[in-house]
Amino acid sequence: MKIAITGISSGLGAACFHSNDARFTVFGISHSQCAPEKKIYSYSNLMALPTMEVLILNAAIGDSGGTIQEMNPVELEQVMSVNVLQPIQLIHELFQLGKLTHLKQLILVGSRFSSQAYISSSIFENLPGYAYCLSKTSLSLFAQILRKENHNFTVNIIHPGVLNTEMGNPDGNHPTLTCEVLFELIANDYFLKEYTGIVDISTSKIIDF
Ligand SMILES: NC(=O)c1ccc[n+]([C@@H]2O[C@H](COP(=O)([O-])OP(=O)(O)OC[C@H]3O[C@@H](n4cnc5c(N)ncnc54)[C@H](OP(=O)(O)O)[C@@H]3O)[C@@H](O)[C@H]2O)c1
């Protein structure tokens, strides 16, 4: 099965891209690398990308948080651009290029902060920042709208759990283990169904939108 995944330089994306799981061939889409001979494609080189059965939109950046007075307006734009506009524009372009004809599963890597319910139940100090929360809840809404178009692929959004990456924290799960869980779910056709919330792959629970 062919998987394409965005954001492969570090963290979960790197773990998936370098996975040795023989069931999958993994192609990377990267903003910082381009090496088609190594199955890495840049956002401006998508014509060369093979068609895929699974597309994982994983690339994202965090923000530095703070109150509405403290937040950085430039960062707000950057986070919305990388975390929301870029993945939506990418799907649009892949459609235009005819790259989604074999797609069966679209998986958006969101967060528990993709959940308005989770945000509502959290205290302000535990939120990662306006930009990150807005970007991830926007992705949730995007998933719900895209589903209404009834494409030949399912649309799901996941929370990978807290990861031991630069964006996460050292107590988080190792991205390689999280990748193994994700790939097992994909291999078992778990995402051929659309879930009515964010799939927390670290607990197998569904977080309400
Ligand atoms: N870490 C956590 O605890 C945690 C928790 C919940 C959800 N998540 C979500 O899980 C996903 C992976 O997180 P992670 O911790 O593995 O992230 P990460 O290590 O920071 O990696 C994110 C990747 O995004 C790409 N990227 C960075 N800046 C970019 C830009 N300006 N434009 C386009 N792409 C850019 C990079 O890959 P390229 O250089 O190859 O483009 C980078 O390797 C993200 O969607 C994140 O929001 C993470």
Side-chain angles (χ1 to χ4, degrees), residues 3-19 26-36 38-46 49 55-65 72 74-91 93-94 106-115 118-119 122 126-140 142-143 155-183 185 197-203 205-207:
I3 297 180
I5 181 166
T6 62
I8 54 144
S9 298
S10 57
L12 180 59
C16 292
F17 182 69
H18 296 291
S19 160
V26 184
F27 300 94
I29 301 172
S30 172
H31 89 299
S32 59
Q33 303 181 57
C34 180
K38 293 181 183 164
K39 303 193 184 76
I40 302 174
Y41 302 83
S42 75
Y43 289 84
S44 54
N45 177 35
L46 295 170
L49 179 74
L55 175 60
I56 305 174
L57 299 181
N58 161 76
I61 54 176
D63 79 70
S64 20
N72 176 345
V74 175
E75 191 180 64
L76 174 67
E77 276 194 39
Q78 287 167 344
V79 172
M80 293 305 281
S81 173
V82 173
N83 295 9
V84 186
L85 305 185
Q86 181 178 263
I88 296 174
Q89 287 163 345
L90 176 65
I91 295 173
E93 191 175 347
L94 292 176
L106 172 63
I107 300 169
L108 307 172
V109 182
S111 152
R112 52 193 172 181
F113 300 109
S114 299
S115 163
Y118 185 80
I119 290 173
S122 303
N126 288 344
L127 299 177
Y130 276 94
Y132 191 77
C133 290
L134 281 167
S135 71
K136 293 299 187 181
T137 53
S138 298
L139 272 191
S140 250
F142 170 69
V155 183
N156 279 295
I157 179 159
I158 65 168
H159 169 52
V162 177
L163 304 172
N164 178 3
T165 63
E166 205 178 313
M167 194 191 294
N169 83 54
D171 296 330
N173 293 323
H174 197 284
T176 303
L177 295 179
T178 302
C179 166
E180 284 171 11
V181 172
L182 177 59
F183 278 14
L185 291 171
I198 297 120
V199 180
D200 182 343
I201 66 168
S202 64
T203 62
K205 290 189 176 147
I206 306 296
I207 306 170

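One-based numbering along the sequence shown. Atoms within a ligand are numbered from 1 in the order they appear, just like the ligands themselves. Any value given below was found using the heavy atoms of this structure, including those in side chains, with hydrogens, waters and symmetry copies removed.
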Are [X] and [Y] packed together at the side-chain level, in the sense that at least one heavy-atom pair is separated by less than 4.5 angstrom?
X    : Y    : result
I5   : L12  : no
L57  : I91  : yes
P160 : V109 : yes
N58  : C16  : no
I119 : L127 : yes
F142 : I157 : no

Exercise for the section: Using a 4.0 Å heavy-atom cut-off, say whether P160 meets ligand 1 through its side chain, its backbone, both or neither. Expected result: side chain

Exercise for the section: Answer with side chain, backbone, both or neither: which part of K136 has a heavy atom less than 4.0 angstrom from an atom of ligand 1? Expected result: side chain

Identity and distance of the protein heavy atom lying nearest [atom]:
atom                    : answer
atom 10 (O) of ligand 1 : V109 CG1, 3.3 Å
atom 20 (O) of ligand 1 : M167 CE, 3.8 Å
atom 37 (O) of ligand 1 : G7 CA, 3.2 Å
atom 28 (N) of ligand 1 : I61 CG2, 3.4 Å
atom 11 (C) of ligand 1 : N58 OD1, 3.2 Å

Taking atom [atom1] of [X] and atom [atom2] of [Y], what is their separation to the nearest 0.5 Å?
X    : Y    : atom1 : atom2 : answer
I61  : M80  : CD1   : CE    : 11.0 Å
L177 : N164 : CG    : CG    : 10.5 Å
I158 : I206 : CD1   : CD1   : 11.0 Å
I3   : S19  : CD1   : OG    : 8.0 Å

Handout entry: Check: Q89/Y43 side-chain N/O donor and acceptor closer than 3.5 Å
Key = no

Give the numbers and elements of all ligand 1 atoms closer than 4.0 Å to a heavy atom of [X].
X    : answer
S30  : 38 (P), 39 (O), 40 (O), 41 (O)
H159 : 6 (C)
I8   : 37 (O), 38 (P), 40 (O)
Y132 : 7 (C), 8 (N), 9 (C), 46 (C), 47 (O)
V162 : 3 (O)
S9   : 37 (O), 38 (P), 39 (O), 40 (O), 43 (O)
V82  : 30 (C), 31 (N), 32 (N), 33 (C)

Is [X] close enough to touch ligand 1? Criterion: a residue heavy atom under 4.0 Å from a ligand atom.
X    : answer
A15  : no
E166 : no
G110 : yes
Q78  : no

Problem - Full working for side-chain hydrogen bond (donor to acceptor under 3.5 Å, both in side chains) between E75 and S64 - result: CA-CA 8 Å; E75 191 180 64; S64 20; 2.8 Å; yes

Do ligand 1 and [X] have nitrogen or oxygen atoms that lie under 3.5 Å from each other?
X    : value
T165 : yes
L163 : yes
S111 : no
S10  : yes
L12  : yes

Handout entry: Residue E77 excluded, over 12 heavy atoms near CD under 6.0 Å
Key = no

Winner among [options] once heavy atoms are compared against [atom]:
atom                    : options             : result
atom 5 (C) of ligand 1  : S32, G168, G161     : G161
atom 22 (C) of ligand 1 : G13, A60, G11, G28  : A60
atom 27 (C) of ligand 1 : R112, H31, Q33, Q86 : H31

Practice task
Anything under 30° is parallel, anything over 60° is perpendicular, the rest tilted; go ahead and classify Y118 against F113.
Solution key: perpendicular

Handout entry: Test log, rule side-chain contact (heavy atoms from CB on, under 4.5 Å), inputs K136 and V79
Key = CA-CA 10 Å; K136 293 299 187 181; V79 172; over 6 Å; no

